[in-house]
Amino acid sequence: MRKLPRIRQASAGLITLGWREWLVLPELTGIPIKAKVDTGARTSALHAFFIEPYRLDDQLFVKFLIHPYQKNLAVQVECHAPVVDQRLVTDSGGHRERRYVIERQLQVGKQTFRAELTLTDRDSMLFRMLLGRNVLKHRYAVDSGSSFLLGGTARAPASG
């Protein structure tokens with residue numbers, strides 16, 4: 001008789017997310033950002049543009065702008081963060097890009113924790129942020145048929 005593989009109870013003790021959720025990056029902006037939960041992405045990615053590195057007290061930082069709202073280019077938030085790494089990232093289309101990596105607080109539902117985020121221009125993408133496996137692992141299970149299981153909403157000002 002063939003032994004079947006053991007099936008893990010993956011969601012035991014984990015919070016369940018939908019395939020998209022609202023989150024906040026309190027060290028960058030208090031504006032809620034709609035994120036796609038992406039189990040195919042290793043590291044979380046934040047939409048950023050006009051990314052400019054600079055040095056402060058011998059540490060590398062980046063200044064960058066974000067558009068926190070989908071389909072609204074009028075609202076821009078200027079952000080600054082220390083660089084923790086630079087990595088070559090391959091996107092879902094197979095394109096390779098060297099990205100700055102920052103570490104910032106991330107608030108998902110009632111949980112707040114530090115997470116690494118890569119910075120990349122996602123203007124052509126629907127979501128301003130991807131939540132990757134680095135955030136999901138040991139914290140969350142994903143229900144791919146549901147959205148916004150943790151609640152929260154944001155209203156973007158009308159683009160003008």
Side-chain angles (χ1 to χ4, degrees), residues 4-49 51 60-62 64-72 75-77 79-156:
L4 296 175
R6 187 173 146 220
I7 298 173
R8 276 193 319 192
Q9 181 64 25
S11 61
L14 302 180
I15 296 168
T16 302
L17 299 178
W19 72 272
R20 56 189 172 165
E21 292 290 345
W22 290 103
L23 58 85
V24 176
L25 297 162
E27 293 170 313
L28 300 178
T29 179
I31 299 171
I33 296 172
K34 192 187 301 183
K36 178 181 178 184
V37 178
D38 188 350
T39 60
R42 178 178 299 141
T43 307
S44 299
L46 175 64
H47 163 65
F49 61 104
I51 301 169
L60 183 62
F61 280 75
V62 283
F64 56 96
L65 299 176
I66 64 172
H67 292 132
Y69 300 115
Q70 286 180 258
K71 302 176 186 175
N72 184 330
V75 177
Q76 299 179 1
V77 177
C79 303
H80 297 259
V83 173
V84 297
D85 199 5
Q86 293 182 53
R87 295 188 191 139
L88 196 57
V89 176
T90 304
D91 67 18
S92 59
H95 306 98
R96 295 173 67 105
E97 173 188 36
R98 182 158 304 279
R99 296 183 188 174
Y100 289 104
V101 181
I102 63 171
E103 185 179 281
R104 298 282 88 186
Q105 280 188 341
L106 183 63
Q107 182 181 345
V108 182
K110 294 180 181 176
Q111 288 191 317
T112 301
F113 49 89
R114 298 195 72 71
E116 286 188 346
L117 311 169
T118 64
L119 302 178
T120 186
D121 189 335
R122 296 183 51 80
D123 258 340
S124 64
M125 309 300 278
L126 183 58
F127 291 89
R128 296 300 186 210
M129 187 159 173
L130 293 181
L131 274 184
R133 293 189 311 269
N134 68 321
V135 167
L136 303 173
K137 189 176 181 180
H138 304 301
R139 286 188 185 98
Y140 301 105
V142 181
D143 177 350
S144 62
S146 297
S147 295
F148 310 119
L149 293 178
L150 301 183
T153 58
R155 292 190 187 269

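Every value quoted in this text rests on a predicted model; they were computed, and no experiment measured them.
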Establish, from distance only, whether the side-chain atoms of W19 and S146 form a donor-acceptor pair under 3.5 Å.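 No.
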
Donor-acceptor contact below 3.5 Å, side chain [X] vs main chain [Y]:
{"X": "E21", "Y": "G18", "value": "yes"}
{"X": "Q76", "Y": "L65", "value": "no"}
{"X": "Q105", "Y": "E27", "value": "no"}
{"X": "N134", "Y": "K137", "value": "no"}

With a 4.5 Å cut-off on side-chain heavy atoms, are [Y] and [X] touching?
{"X": "I102", "Y": "V62", "value": "yes"}
{"X": "V108", "Y": "F113", "value": "yes"}
{"X": "I15", "Y": "L150", "value": "yes"}
{"X": "E116", "Y": "V84", "value": "yes"}
{"X": "L23", "Y": "Q107", "value": "no"}
{"X": "L130", "Y": "T43", "value": "no"}
{"X": "L149", "Y": "L17", "value": "no"}

Partner set under salt bridge (charged side-chain N to carboxylate O under 4.0 Å, His left out) for [X], not counting sequence neighbours:
{"X": "R20", "answer": "none"}
{"X": "R98", "answer": "none"}
{"X": "R99", "answer": "E97"}

Rounded to the nearest 0.5 Å, how far does [atom2] of [Y] lie from [atom1] of [X]?
{"X": "S147", "Y": "K36", "atom1": "OG", "atom2": "NZ", "value": "11.5 Å"}
{"X": "L136", "Y": "S44", "atom1": "CG", "atom2": "OG", "value": "7.0 Å"}
{"X": "I66", "Y": "F49", "atom1": "CD1", "atom2": "CZ", "value": "9.0 Å"}
{"X": "K110", "Y": "T112", "atom1": "NZ", "atom2": "OG1", "value": "12.0 Å"}
{"X": "L131", "Y": "M129", "atom1": "CG", "atom2": "CE", "value": "5.0 Å"}
{"X": "K34", "Y": "Q70", "atom1": "NZ", "atom2": "CD", "value": "4.0 Å"}

Over all heavy atoms of both residues, which pair between [X] and [Y] is shortest? Give the atoms and the distance, please.
{"X": "A141", "Y": "L14", "answer": "N-CB, 3.9 Å"}
{"X": "F64", "Y": "A48", "answer": "CD1-CB, 3.7 Å"}
{"X": "Y69", "Y": "R128", "answer": "O-NE, 3.3 Å"}

For residues H47 and F127, establish whether the separation of their ring centroids is below 6.0 Å.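 No; F127 has its ring centre 6.0 Å or more from that of H47.
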
Sole residue of I33, L46, V77 in side-chain contact (heavy atoms from CB on, under 4.5 Å) with L28: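 Only match with L28 under side-chain contact (heavy atoms from CB on, under 4.5 Å): L46.
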
Does the pair D85/R87 count as a salt bridge with the N-to-O cut at 4.0 Å?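 Yes, charged N to carboxylate O under 4.0 Å.
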
Taking it one step at a time, do T29 and V24 satisfy side-chain contact (heavy atoms from CB on, under 4.5 Å)? CA-CA 7 Å; T29 179; V24 176; over 6 Å; no

Just wondering, are more than 12 heavy atoms of other shown residues or ligands nearer than 6.0 Å to CZ in R96?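 No, the 6.0 Å shell around CZ holds no more than 12 heavy atoms from other groups.
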
What is the ring orientation for W22 with F148, classed by angle as parallel under 30°, tilted 30 to 60°, or perpendicular over 60°?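 Judged by the thresholds at 30° and 60°, the geometry between W22 and F148 is parallel.
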
